[in-house]
Amino acid sequence: MTNQLQQTIEEKIKSFLDAQEIPLAPLKWTPIPFSGEWGISTSFFQTAADEARAGQGGGKPVPQRAQELAEQVKGQMGSVEGVSHIEAMKAYLNVFFETSDYARRVVDEVLASGPDFGRGAAKGERVMVEYAQPNTHHSFHIGHARTTLLGESLARIVEFAGFDTIRASYPGDLGLGVITVLWAYEKFYKGQEPQGVHERGQWLLKIYAEATALLEKKENETPEQTAQREAYEAERRELYRKWDAGDAAVRELWRVTREWSLEELRDILNMLDIKIDVWFYESEVDGPSKVIVDELIAKGIATDERPQGGAVIIKIDEKLGMAKEKYRTAVLLRSDGTSLYLTKDLALAKVKFEQYHVDRSVYVVDFRQNLHFQQAFKILEMWGFPQAAKCYHLSYGYITLPEGAMSARRGRVVLFKDVADEAVRRVLAVESEKAPDMSEAERQKVAEQIGLGALAYSMLSVDNNKDIVFDMDAALSFDGRTGPYIQNAHVRANSILKKAQAAGYELRVTGYDYELTKHEIELIEQISKFPAAVEQAANEYRPLVMAAYAYDLANAFHSFYHAVPVLQAEDAKVRDARLQLVAAAKQVIANALRLLDIQAPEVM
RNA sequence: GCCCCCGUAGCACAAUGGACAGUGCAACUGCCUUCUAAGCAGGAGGUUGUGGGUUCGAAUCCCGCCGGGGGCGCCA
C-alpha cells in the first residue's frame, strides 16, 4: 500500500537527477529505523559511488557527496500527498508518512480483508512440498516433528503467497529396517497387538530396537552366540527374500503392521492440523524406478556396467567435464538389478512433473541428504527437465539429545507423542492457576493449543540449517520468545474486544487524526509489514522469517497493550480508533500464527 | 584428498552489502484495587573464531588459517 507513494517519490528523484545528468543507481527502500514515526528511506551511496568512479562528483568522499545528493533531492521534493515531511540524514532520504492517513489505510485494509490480509496474488505456478517422511514400522519422534512442522508451515506460507500448493508425504515403507521388525514380530510376538494407536506404533519401535540388538555383532561373543546371531540373520534374509518375491503371508503381515504405523502418523498429523494431499509410498515407487534406468541409459546419461558384473552408474562430474569432484558418481541400480534411494527419487520427480504438473518441487529433508539432492537435481537437469532449476532441498539440522544423536536402532529417541503429552500437562498445571474458571473441556482444548504452539514455535524459530539440542524445558517454555507469548497477545486483543462488545461499543469506521502514541505507531508499522513478510518467507522458503515477524508483531502489541488505554480512553473517538486497531492486530496475529501452524486461542 | 554447512554477549539464537549488530534465557532494578503479570519498563553484557582482500560501506561477498558437524559408486 506504500507502493504508489514510493513510485511518486522515485519519479521525482529520477527527474531531478536526470536534469543534472547524474545517473541514478537503483533505489532500495527500507522502513526507517529508530524513529517514533514511520515511513520509508533510501540511500544515495550507490549513486555517489558510481559518480566517483566515473570521475564526477567533484572528488568529494562518497558519504559526503551522498548526503549532499540527499539534501538536494529533499530540497526539490516539494509537497507530496500522504507525506508529512522529508529529511536528509547520513546520506539517507527519509520520507515520513502522514500518520492519520496511513494508519487508517492500514487498519481499514486489514479489517476489510480479514483472514486474507497479506495473501499474495496468484502466482500461476504450482509448488509441491514434500515433508513428513518417516519410516513405517518405527514410531514418530521429535526429529520427524521438525520436518513435519517446517514442511507444513512452508506449505501454508507458499499457498498464502499465491502458489497453487500440493502437500506430499513420502513414507519409507520398505527396506531392511522394515523387514527386521517383521522378522522379530513373527519370531517373538506373533499374534500380539497392543490396543491404542500410539501404543501400537511405539511398540513397533521397541521391537525394532530389540531385534537390532539381537542381530548386532557383539564383542567377545561365545561360539554359541555367534551361531545364534547368524541363524537369526539367515532368517531375516529369508524373510526379505519372501517379501521381495511377493509371498502372500509375508505381504499381509507387512501390510497390517505398516497400517499400524500409518495410523499413528495420521493421528499425529491430525493433532497438528495437517492434511496431506498426496501419499507416495516408497514401495509403490520401487517398480517405476527400474523403468527410468533404461531411459537414462538410452539417453547416454547413465553407464551400464552390468555386463562387466558392475552396476548402472552416472559419473556426473565426468559428464559435466568438471575439474574437481563435486557431484561424484551416482549408482542407479545395484549389480543385482535392485534400485536405490536415488533411483526412486528420480522416478518420483518424474511423476511429480508429469502427472502432478509441478513447477516447483521442495523437499524438506535433513541435511545429510545434501549430496543426494544435488545429484538428483543435476541428473534431472541432464535428463531434460526444466523444472530441475526450481527444485529446492530445504535442508535442516538434526535434533539431537544432550547425550548425543537419537538412534531408533538403540531405542534412544524422544517420541513426539510423549513431548506433546508433557506439553499439555505443563500447560494444564499453569492453566488451573491462571484460569480457574475455565471449563474442563475448554481447558483441555486450550492446553493442547498452547502446548503444541510452544513446541511448534521452538522448531520454527531456529534457522533450519542449525542443529537443535532437544531440551524439554526450552522446547516447552512459555516465557519470552515463544509460541505462547504470541498466542497471549492474540488472547489479550480478544479480551479487549470481548469487553468492548459487552459494553455495547461497536466497531465503526473512524479516523486517526489525533496524536498517536509511539506504541500505536509501532503496532501499525508491524501490521503493515505482514504482506512483505509473507512474500519474503515464501520467496526464500523460510518459515523462520514468519516466526520472527510474528514475535515482533506480538511484541509491539504487548507494549501497546501495557501502555495505551483502549476501553479506558477518555475520548470516545480515540477509544473507537484504538478498538479498530486492536481488532486489526488480533487479525494479523491470527494470520501469522496460522502460517506457522499454531492455533490462535480466544482465551488462555 | 575433495565437496557442503556452521562459528555472533555466560547460554540459546536473529540480522545474508547499508544508519548505533538485535531478541530471548540466566543475573540485576522497578511495575498487578486500573482492558489477563504466559506481560511491561529499565540499565548491564560484543575488537561478529582468526588473518588478508573486494567495496564509499562487510557479521554478510572472495581467499588463507583455526575449531565443530556432515557427506563422498552399489544404506536410506
Side-chain angles (χ1 to χ4, degrees), chain A residues 28 30 32-34 41 43 45-46 48-50 52-53 61-66 89-92 94 133 135 172 174-177 282 305 310-317 324-336 338-342 344-345 365-372 374-375 395 397-398 427 430-431 434-435 450 454 461-463 465-469 471 473-474 477-489 491-500 503 540 544 547-548 551-552 555 558-569 578 582 603-604:
Chain A
K28 282 175 288 185
T30 48
I32 304 171
F34 333 116
S41 69
S43 79
F45 286 116
Q46 196 57 53
D50 291 349
R53 211 162 296 140
V62 167
Q64 191 190 323
R65 174 62 181 153
M89 173 89 88
K90 293 182 178 177
Y92 281 83
N94 293 331
Q133 319 93 329
N135 291 327
L174 51 73
L176 193 61
E282 208 181 331
E305 295 184 341
V312 178
I313 61 169
I314 303 182
K315 293 184 176 174
I316 306 176
D317 290 324
K324 285 188 173 178
E325 297 177 42
K326 177 162 183 178
Y327 296 102
R328 308 278 163 167
T329 297
V331 177
L332 293 186
L333 283 186
R334 294 188 183 91
S335 43
D336 68 2
T338 54
S339 72
L340 291 106
Y341 184 53
L342 177 67
K344 290 168 204 161
D345 247 344
V365 183
D366 78 79
F367 68 107
R368 295 188 197 200
Q369 261 69 234
N370 284 353
L371 177 61
H372 164 80
Q374 282 192 16
Q375 290 181 327
S395 158
Y398 259 34
V427 182
V430 178
E431 203 86 293
K434 304 233 178 214
I450 308 290
S461 57
V462 179
D463 192 87
N465 55 29
K466 289 219 172 170
D467 286 346
I468 296 177
V469 178
D471 171 10
D473 292 332
S477 168
F478 308 145
D479 301 322
R481 204 173 186 289
T482 64
Y485 175 93
I486 301 164
Q487 291 171 313
N488 188 36
V491 166
R492 285 176 138 188
N494 182 56
S495 177
I496 293 177
L497 295 173
K498 257 191 332 200
K499 293 213 166 172
E540 298 176 8
L544 170 64
Y551 175 79
D552 290 342
N555 183 239
H558 278 303
S559 295
F560 162 86
Y561 177 90
H562 184 263
V564 184
V566 178
L567 299 173
Q568 321 288 339
R578 287 181 179 161
V582 170
V603 289
M604 67 188 277

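Protein chains get the first letters and strands the later ones, always in sequence-line order, with residue 1 at the start of each. Side chains are part of it too, since the values below use all heavy atoms of this structure and drop only hydrogens, waters and symmetry mates.
The residue A/Val566 sits close to a base: some heavy atom pair falls under 4.0 Å. Contact annotation for A/Leu340: backbone-only contact, meaning every heavy-atom pair under 4.0 Å involves sugar-phosphate atoms and none involves a base. Using a 4.0 Å heavy-atom cutoff across all strands shown, A/Gln46 reaches at least one base atom of the nucleic acid. Residue-level contact check: A/Glu431 touches the bases, meaning some heavy atom is under 4.0 Å from a base atom. Residue contacts shown for A/Val564 include a base, since a base heavy atom lies under 4.0 Å away. At a threshold of 4.0 angstrom between heavy atoms, the contacts of A/Val469 with the nucleic acid are absent. When heavy atoms are screened at a 4.0 angstrom cut-off, A/Arg53 is found touching the sugar-phosphate backbone but no base atom. Across all strands, A/Asn494 comes closer than 4.0 Å to no nucleic acid atom at all (heavy-atom distances). As judged by a 4.0 angstrom heavy-atom cut-off over every strand, A/Ala49 is placed among the base-contacting residues.
Residue A/Arg334 has a polar side-chain atom (N or O) positioned under 4.0 Å from OP1 or OP2 of B/rC75. Phosphate contact (OP1/OP2 of B/rG57, side-chain N/O of A/Lys90, threshold under 4.0 Å): absent.
Here the side chain of A/Arg334 pairs no donor or acceptor atom with the backbone of A/Leu340 at under 3.5 angstrom.
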side-chain contact (heavy atoms from CB on, under 4.5 Å) between A/Met604 and A/Val427, intermediate numbers included: CA-CA 10 Å; A/Met604 67 188 277; A/Val427 182; over 6 Å; no
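Closest to the A/Gln374 side chain, of the nucleotides B/rC74, B/rC4, B/rC72, is B/rC4. Among the nucleotides B/rG1, B/rA41, B/rC74, the one closest to the side chain of A/Val331 is B/rC74. With B/rA19, B/rG24, B/rC6 as the choices, the nucleotide that has an atom nearest any side-chain atom of A/Asn94 turns out to be B/rA19. Comparing B/rA76, B/rC40, B/rA14 by their nearest atom to the side chain of A/Tyr485 picks out B/rC40. In the set B/rA15, B/rU23, B/rG73, B/rA15 carries the atom at the smallest distance from any side-chain atom of A/Asp463. Looking at the side chain of A/Leu371, the nearest of the listed nucleotides B/rC72, B/rG17, B/rA19 is B/rC72. The nucleotide whose nearest atom lies closest to any side-chain atom of A/Ser559 is, among B/rC40, B/rG24, B/rA37, B/rC40. Listed nucleotides: B/rC6, B/rC2, B/rC74. Nearest to the side chain of A/Lys466: B/rC6. The side chain of A/His562 sits closest to B/rC31 out of B/rA76, B/rC31, B/rC56. For A/Gln568, taking side-chain heavy atoms from C-beta onward, the closest of the listed nucleotides B/rC40, B/rG24, B/rC35 is B/rC35.
Distance A/His372 NE2 to B/rC4 P: 19 Å, rounded to the nearest Å. As a whole-Å value, the separation of A/Tyr327 OH from B/rG73 P is 17 Å. Atom CG of A/Leu544 and atom P of B/rU23 are 16 Å apart (whole Å). The nearest whole Å value for the distance from the CD1 atom in A/Ile314 to the C1' atom in B/rC72 is 16 Å. Protein atom CG of A/Asp50 is 10 Å distant from nucleotide atom P of B/rC56, rounded to whole Å. A/Phe560 places its CZ atom 14 Å from the P atom of B/rA41, with the value rounded to the nearest Å. When rounded to the nearest whole Å, the span between NZ of A/Lys315 and C1' of B/rC74 equals 14 Å. Atom CD1 in A/Ile468 sits roughly 15 Å away from atom P in B/rC6 (whole-Å rounding).
With its glycosidic angle more than 90° from 0, B/rC31 is assigned anti. Taking the syn range as angles within 90° of 0, the glycosidic angle of B/rG71 is outside it, so the base is anti.
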Contact pattern, 5' to 3', of nucleotides 63-70 of chain B - B, S or - by protein heavy atom under 4.0 Å: -------S
